[in-house]
Amino acid sequence: MPELPEVETVRAELELHITGKTISEIDKRRDNIRIAIPDLSVLHGKKISRIERRAKYLIIHFAKYNDALVIHLGMSGKILLGTGLARKNHDHVIFHFTDNSEMVFNDARRFGVVTLLSQSAKLFNHLGPEPFSDEFNFAYLNKSLKNRKTPIKVAILDQALVVGVGNIYASEALFRSRINPKTPANKVRELSGLIKNIRAVLQDSIDAGGSTLRDYRQTSGRIGKFQHKFDVYGKTNKPCPRCGTLITQITQAGRSTFYCQNCQKQG
DNA sequence: ATGAAGGCCTGAGGGC
DNA sequence: TGCCCTCAGGCCTTCA
């Protein structure tokens with residue numbers, strides 16, 4: 001599931017493998033995924049200079065060119081690099097480079113986005129601070145949650161509050177913080193601890209390399225290892241690693257939440 | 001302003 | 001084997 005750690009891993013891989021490459025041609029095989037894919041032919045002949053991540057978006061910048069390519073992996077999006085790759089089902093956009101290699105955007109469920117930065121204001125305007133930024137601090141969180149009665153789990157999934165935290169890491173961060181996910185956001189006391197644990201769980205996952213990018217030279221695929229370190233996510237009726245109580249699964253805002261009823265009692 | 005709910009979309013997995 | 005149903009979830013839109 002591409003949350004911040006996976007997107008950051010992909011960013012690092014792209015930086016390593018496609019920086020300096022020049023796009024020769026873009027083969028758009030579908031006009032619509034989550035939103036319409038615009039005409040990308042303006043990028044023909046442009047040389048990739050830098051790969052940035054903002055929230056769960058990848059932003060590919062070009063030398064001597066103001067616009068940039070924006071990619072969001074949604075739920076099932078993958079970026080594949082290689083040369084002479086066989087076309088697969090759900091290959092939606094193929095970026096050909098002048099060295100004959102290619103970058104493929106593949107997304108079975110089409111929740112992803114491929115667009116230009118110049119057309120992305122709507123996607124970026126409402127985004128909150130990056131979790132690792134100084135801006136994401138106690139004063140900010142305290143103020144932002146002061147009047148919010150929505151459950152804390154739902155609040156930290158809101159990209160306007162803080163970006164990059166998806167369903168998996170929301171449950172994991174609350175477990176580490178011993179906070180009950182049902183606690184109204186304005187009743188949570190340990191906000192400093194929550195900030196610390198959101199950062200820690202994201203960093204631990206980045207360190208484990210949750211990767212959705214496959215290097216064509218490693219056909220086995222480079223797979224992240226953090227899924228083996230989940231404390232509560234997907235652990236319904238398995239013992240809590242802290243106290244042994246069986247993990248509970250509930251639904252909040254239409255999404256699964258996993259927590260320990262015994263040791264996540266704090267608000 | 002807040003927040004609950006619906007919708008997009010395919011593949012995996014369970015039940016029969 | 002195969003059909004049908006449910007679930008997975010990022011995030012936008014709609015509605016209360």
Side-chain angles (χ1 to χ4, degrees), chain A residues 1-11 29-37 53-59 70-79 87-93 105-115 119-131 141 143-174 181-188 198 201-202 205 210 212 221 223-224 226-227 230 232-237 247-259:
Chain A
M1 310 299 144
E3 299 185 29
L4 186 148
E6 288 76 22
V7 178
E8 180 57 30
T9 303
V10 173
R11 189 206 63 76
R29 299 159 65 90
R30 170 180 279 278
D31 286 328
N32 264 76
I33 43 178
R34 198 179 90 210
I35 59 176
I37 302 172
R53 180 192 57 73
R54 170 72 176 118
K56 298 173 192 170
Y57 292 91
L58 292 161
I59 308 174
V70 171
I71 297 176
H72 192 292
L73 300 175
M75 258 302 297
S76 54
K78 294 177 179 64
I79 292 176
R87 289 287 79 85
K88 300 202 296 192
N89 208 10
H90 313 301
D91 281 353
H92 302 317
V93 189
F105 176 79
N106 178 293
D107 185 7
R109 290 165 70 179
R110 309 210 292 267
F111 280 18
V113 169
V114 176
T115 189
Q119 301 181 27
S120 304
K122 237 172 138 177
L123 302 176
F124 287 80
N125 277 345
H126 71 283
L127 293 178
E130 289 285 329
L141 201 55
K143 186 181 170 207
S144 301
L145 297 181
K146 197 169 58 181
N147 296 316
R148 293 193 66 171
K149 295 173 186 164
T150 198
I152 186 63
K153 156 70 167 22
V154 177
I156 60 177
L157 281 179
D158 179 357
Q159 302 297 296
L161 182 75
V162 59
V163 303
V165 182
N167 203 43
I168 293 170
Y169 300 114
S171 281
E172 294 293 317
L174 290 172
K182 294 192 279 193
T183 309
N186 60 352
K187 302 286 188 197
V188 175
I198 286 173
V201 74
L202 293 176
S205 180
T212 50
I223 302 296
F226 194 73
Q227 65 272 22
F230 292 161
V232 290
Y233 184 84
K235 304 287 189 187
T236 314
N237 292 327
I247 298 298
T248 302
Q249 176 175 359
I250 59 173
T251 298
Q252 296 181 287
R255 293 194 161 66
S256 294
T257 299
F258 303 87
Y259 74 112

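All chains are named by letter (A, B, ...) in the order of the sequence lines, taking the proteins before the strands, and each is independently numbered beginning at 1.
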- Item | Distance below 4.0 Å between A:Arg148 side-chain N/O and B:dT2 OP1 or OP2 | no

- Any A:Ser76 side-chain nitrogen or oxygen under 4.0 Å from OP1 or OP2 of C:dA8: no

- Query: Below 4.5 Å, heavy atoms only, C-beta onward: do A:Arg29 and A:His92 meet side chain to side chain?
  - Reply: no

- Side-chain donor or acceptor of A:Arg53 paired with backbone N/O of A:Ala55 under 3.5 Å: yes

- Flag the pair A:Asp158 / A:Val154 as yes when at least one side-chain heavy-atom distance between them is below 4.5 Å, and no otherwise. no

- Task: Look only at the side chain of A:Asp91 and the backbone of A:Arg87, and say whether a donor-acceptor pair between them is shorter than 3.5 Å.
- Result: no

Under-3.5 Å N/O pairs linking protein and nucleotides 13-16 of chain C:
from: C:dT13; atom 1: OP1; to: A:Lys122; atom 2: NZ; distance (Å): 3.3

- Between A:Phe111 and C:dC11, do the rings stack, that is, sit under 5.5 Å apart with planes less than 30° off each other? no

What nitrogen or oxygen pairs link the protein and nucleotides 11-14 of chain B at under 3.5 Å?
from: B:dG11; atom 1: OP1; to: A:His90; atom 2: NE2; distance (Å): 2.8

- Centroid-centroid under 6.0 Å between A:Tyr57 and A:Phe124 rings: yes

- Query: Does A:Pro5 offer a backbone N or O that forms a donor-acceptor pair with the side chain of A:Thr9 under 3.5 Å?
  - Reply: yes

- Round to a whole Å and report the spacing from CD of A:Glu3 to C1' of C:dA8. 12 Å

- Is the side chain of A:Gln249 donor-acceptor paired with the backbone N or O of A:Ser256 at a distance under 3.5 Å, no angle test? no

- Earlier contact from the 5' end, DNA chain C, for A:Lys56 and A:Ser256: A:Ser256

- Could one point to a donor on the side chain of A:Arg255 or the base of C:dG10 with an acceptor on the other under 3.5 Å away? yes

- Message: Can you see if the side chain of A:Gln249 gets near the phosphate of C:dA8 - specifically, an N or O under 4.0 Å from OP1 or OP2?
- Response: yes

- Item | Lys/Arg-Asp/Glu bridge criterion (N-O < 4.0 Å) met for A:Arg54, A:Glu130 | yes

- Message: We want to know whether A:Tyr259 and A:Ser171 form a side-chain donor-acceptor pair, criterion being a heavy-atom distance below 3.5 angstrom.
- Response: no

- Query: When you check the phosphate oxygens OP1 and OP2 of C:dC11, does a side-chain N or O of A:His126 lie under 4.0 Å from one of them?
  - Reply: no

- Note on the structure: Ranking B:dA4, C:dC11, C:dA8 by distance to the side chain of A:Thr150, first place goes to B:dA4

- Note on the structure: When the rotation axes relating C1' atoms of four end pairs to the next four are compared across the helix from B:dT2-C:dA16 to B:dC16-C:dG2, five pairs an end, they differ to 10° by 50°

- May I ask you to decide whether A:Asp107 forms a salt bridge with A:Arg34, counting only side-chain N to carboxylate O separations under 4.0 Å? no

- Does the side chain of A:Phe258 reach to within under 4.5 Å of the side chain of A:Ile250, using non-hydrogen atoms? no

- Query: Starting at CG of A:Asn32 and ending at P of B:dC8, how long is that distance when rounded to a whole Å?
  - Reply: 13 Å

- Message: Below the 4.0 Å mark, does C:dG10 have OP1 or OP2 next to a side-chain nitrogen or oxygen of A:His72?
- Response: no

